[in-house]
Amino acid sequence: MKVSGPVSAGFAPALVQWQRRDGRHGLPWQGTRDPYRVWLSEIMLQQTQVSTVLGYYPRFLDRFPDVHALAAASEDEVMSMWSGLGYYSRARNLHRCARTVVSEHGGSFPATSSVLATLPGIGDSTAAAIAAFCHGERVSIADGNVRRVLSRLLAFEGDLSQARAQRELWQLAQSLLPEHPSADDMVAYTQGLMDLGAGVCTLRQPACERCPVAGLCEARRSNTTDRFPVKTKRVARRHESWWLLVLRKTEAGQLSIWLERRPPRGIWAGLHCVPVAGDDAQALVVAGDHAGAARHLPALAHALTHRELRLHPVLVDLVPGAAEPATTNGRWVPMEQLSDVGLPAPVRSLLQQLPG
DNA sequence: CACTCGTGGTT
DNA sequence: TAACCAAGAGT
């Protein structure tokens, strides 16, 4: 699967030149070839917008300045720093990857994309990004930006909701790489693909008048940019109601919340959370003999990729000397220490604005 | 391969 | 506003 004609010859040079003049250069993870910093940014940026990562990356880097610091940390420390960023398997794999790099690679990240892709949490696209940015390897990233830019450039008709078409397009991406790039060329080219997708070749209303390769673009020529990328399948989102039992107690002037650890698989796996029940009655069973004091707070909606959650908080203040909650593997966490615990975003939000 | 996994922004 | 999706990977 290759691209021929003027597109293959002109695309990469035009993109590289454009990126150097008009692309982004001031992001916190740019201007370095430190694999740790590049790797961390790429993991955080998976399915996550730049504006969101900007609020996490500097703090995370400050707390874990290098791969050794991250490897030495506990998983709970890592999860607390990741809390709110979502897709928490990324954080667990990040931690595992740091420990693997230290224990099996002498503390240095592998230099090639193929070896990088064997590490936890690093797939083909992330491996390519790290290798291109840090070592100038001639390999293409394969993210959403690339799929959109190239599917328009080539008027690629494959259905990108299918894995086979994605692989096919990735092969085309490989054939569009600069022919004999320097390391700096690969940095500019890789960044250029993302910058073009993020700021010019956008999902809706692409700014073709600002596009450096508009003259090569088949979708532009045929005025069909809105048909690409082709995706047929839709996300099926089912609705569920969850009851969140907020158990609260005061001991020695210390206000605490009862938190459990979520199961190792599924939604919010491994995070801390208030007890979750499938209905109101189950929540009150967990609350035990204090259910009478339960206060039902207004429900809040929380959308995940495949589910639409309706969360029903039930607040119970335990009296001094009351029996422990009827749950296992839970513990009391003082309100002041919630910032040190990995919590789902809606749960953290809920606990921060409880009524007195 | 199809499915699962968070959260926030955009239209 | 419900739908779509963003620097994807693991199972």
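Every chain is numbered from 1 and lettered A, B, ... according to where its sequence line falls, protein lines coming before strand lines.
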Discussion item. Please check: side-chain N/O of A:Arg152 versus main-chain N/O of A:Pro206, any donor-acceptor pairing under 3.5 Å?
Written reply: no
Discussion item. Please compare A:Gln162 and A:Ile267 by the position of their nearest nucleotide in DNA chain B and report the one closer to 5'.
Written reply: A:Gln162
Worksheet item: Within the pair A:Thr48 and C:dG8, is there a side-chain N or O less than 4.0 Å away from OP1 or OP2?
Response: no
Worksheet item: Touch check for A:Leu94, heavy atoms < 4.0 angstrom, all strands: base, sugar-phosphate only, or nothing?
Response: nothing
Discussion item. With no hydrogens and no angle check, just 3.5 Å: does a side-chain donor-acceptor pair link A:Thr126 and A:Gln46?
Written reply: yes
Worksheet, complete the sentence: Assign each of A:Arg96 and A:Met194 the nucleotide of DNA chain C bearing its closest heavy atom; nearer the 5' end lies the nucleotide of A:Met194
Fill in: C:dA6 base / A:Arg148 side chain donor-acceptor hit below 3.5 Å
no
Discussion item. Heavy atoms only, 4.0 Å cut-off, all strands: where does A:Thr305 land among base, sugar-phosphate and nothing?
Written reply: base
Worksheet item: Is it true that A:Glu157 and A:Arg227 make a salt bridge, defined as a side-chain N closer than 4.0 Å to a carboxylate O?
Response: yes
Practice prompt. Provide the distance between the two P atoms, one in C:dA2 and one in B:dC5, to the nearest whole Å.
Written response: 22 Å
Discussion item. Heavy atoms only, 4.0 Å cut-off, all strands: where does A:Ala303 land among base, sugar-phosphate and nothing?
Written reply: base
Worksheet item: Could you state the CG-P distance from A:Asn93 to C:dA9, rounded to the nearest angstrom?
Response: 11 Å
Worksheet item: Can you tell me how far P in B:dC3 sits from the matching atom in C:dC4, rounded to whole Å?
Response: 16 Å
Worksheet item: When the C1' atoms of B:dC1 and C:dA6 are considered, how many whole Å apart are they?
Response: 23 Å
Item to complete: Write down the distance between CZ (A:Arg92) and C1' (C:dT11), rounded to a whole number of angstrom.
Response: 13 Å
Discussion item. Using a 4.0 Å cut-off on heavy atoms, which residues in residues 184-192 of chain A reach DNA chain B? List them by number, or say none.
Written reply: none
Worksheet item: Between A:Ile122 and A:Asp195, which is nearer to the 5' end of DNA chain C once each is assigned its nearest nucleotide?
Response: A:Asp195
Worksheet entry | Euclidean distance for P, B:dG8 against C:dA9 (whole angstrom) | 22 Å
Fill in: Nearest-Å distance for atom pair CZ/P, residues A:Arg237 and C:dA2
11 Å
Discussion item. Looking at A:Lys249 and A:Glu251, is any side-chain nitrogen of the basic one under 4.0 Å from a carboxylate oxygen of the acidic one?
Written reply: yes
Fill in: Contact check, side chains of A:Tyr36 and A:Phe64, non-hydrogen atoms, under 4.5 Å
yes
Worksheet entry | Sugar-phosphate only, base, or nothing, as touched by A:Ala345 at under 4.0 Å among non-hydrogen atoms | sugar-phosphate
Discussion item. Using whole Å, what does the distance between atom P of nucleotide C:dA3 and atom CZ of A:Arg204 come to?
Written reply: 14 Å
Practice prompt. Could you tell me the separation between the CZ atom of A:Arg147 and the P atom of C:dG8, rounded to a whole number of Å?
Written response: 7 Å
Discussion item. Measure CH2/A:Trp170 against C1'/C:dA7 and give the value in whole Å, please.
Written reply: 16 Å
Discussion item. Below 4.0 Å from chain A heavy atoms, what is the first contacting nucleotide of DNA chain B and what is the last?
Written reply: B:dC1 to B:dT11
Discussion item. Quick one about A:Ser182 and A:Asp184 (side-chain donor to acceptor, distance below 3.5 Å, no hydrogens or angles considered), yes or no?
Written reply: no
Worksheet entry | Closest-nucleotide ordering on DNA chain B, the 5'-leading residue of A:Leu85 and A:Gln205 | A:Leu85
Worksheet item: Is A:Arg238 paired with A:Glu240 through a side-chain N to carboxylate O contact shorter than 4.0 Å?
Response: yes
Worksheet item: Any ion pair linking A:Asp66 and A:Arg37 (charged N to carboxylate O, less than 4.0 Å)?
Response: no
Discussion item. Heavy atoms only, 4.0 Å cut-off, all strands: where does A:Leu193 land among base, sugar-phosphate and nothing?
Written reply: nothing
Which donor-acceptor pairs under 3.5 Å do side chains of residues 277-285 of chain A form with protein atoms, sequence neighbours excluded?
{"from": "A:Asp279", "atom 1": "OD1", "to": "A:Ala281", "atom 2": "N", "distance (Å)": "3.1"}
{"from": "A:Asp279", "atom 1": "OD1", "to": "A:Gln282", "atom 2": "N", "distance (Å)": "2.8"}
{"from": "A:Gln282", "atom 1": "OE1", "to": "A:Gly278", "atom 2": "N", "distance (Å)": "3.3"}

Item to complete: Under the side-chain hydrogen bond (donor to acceptor under 3.5 Å, both in side chains) rule, what do A:Asn145 and A:Arg148 come out as? Steps first, then yes or no, please.
Response: CA-CA 5 Å; A:Asn145 288 314; A:Arg148 187 171 55 255; 3.1 Å; yes
Practice prompt. Check the pair A:Trp268, A:Trp82 against ring pair (Phe, Tyr, Trp, His ring centres under 6.0 Å), reporting the backbone distance first and the verdict last.
Written response: CA-CA 12 Å; A:Trp268 303 330; A:Trp82 200 272; over 10 Å; no
Fill in: Nearest-angstrom distance from the residue atom CH2 of A:Trp29 to P of C:dA7
11 Å
Worksheet item: Is the distance from OP1 or OP2 of C:dG8 to the nearest side-chain N or O of A:Gln46 less than 4.0 Å?
Response: no
Worksheet item: If you look at every strand shown and take non-hydrogen atoms under 4.0 Å, does A:Gly84 touch a base, only sugar-phosphate, or nothing?
Response: sugar-phosphate
Fill in: Gap in Å between the two C1' atoms, one belonging to B:dA2 and one to C:dA7, rounded
23 Å
Worksheet entry | Between C:dA3 (P) and A:Lys233 (NZ): distance, integer Å | 17 Å
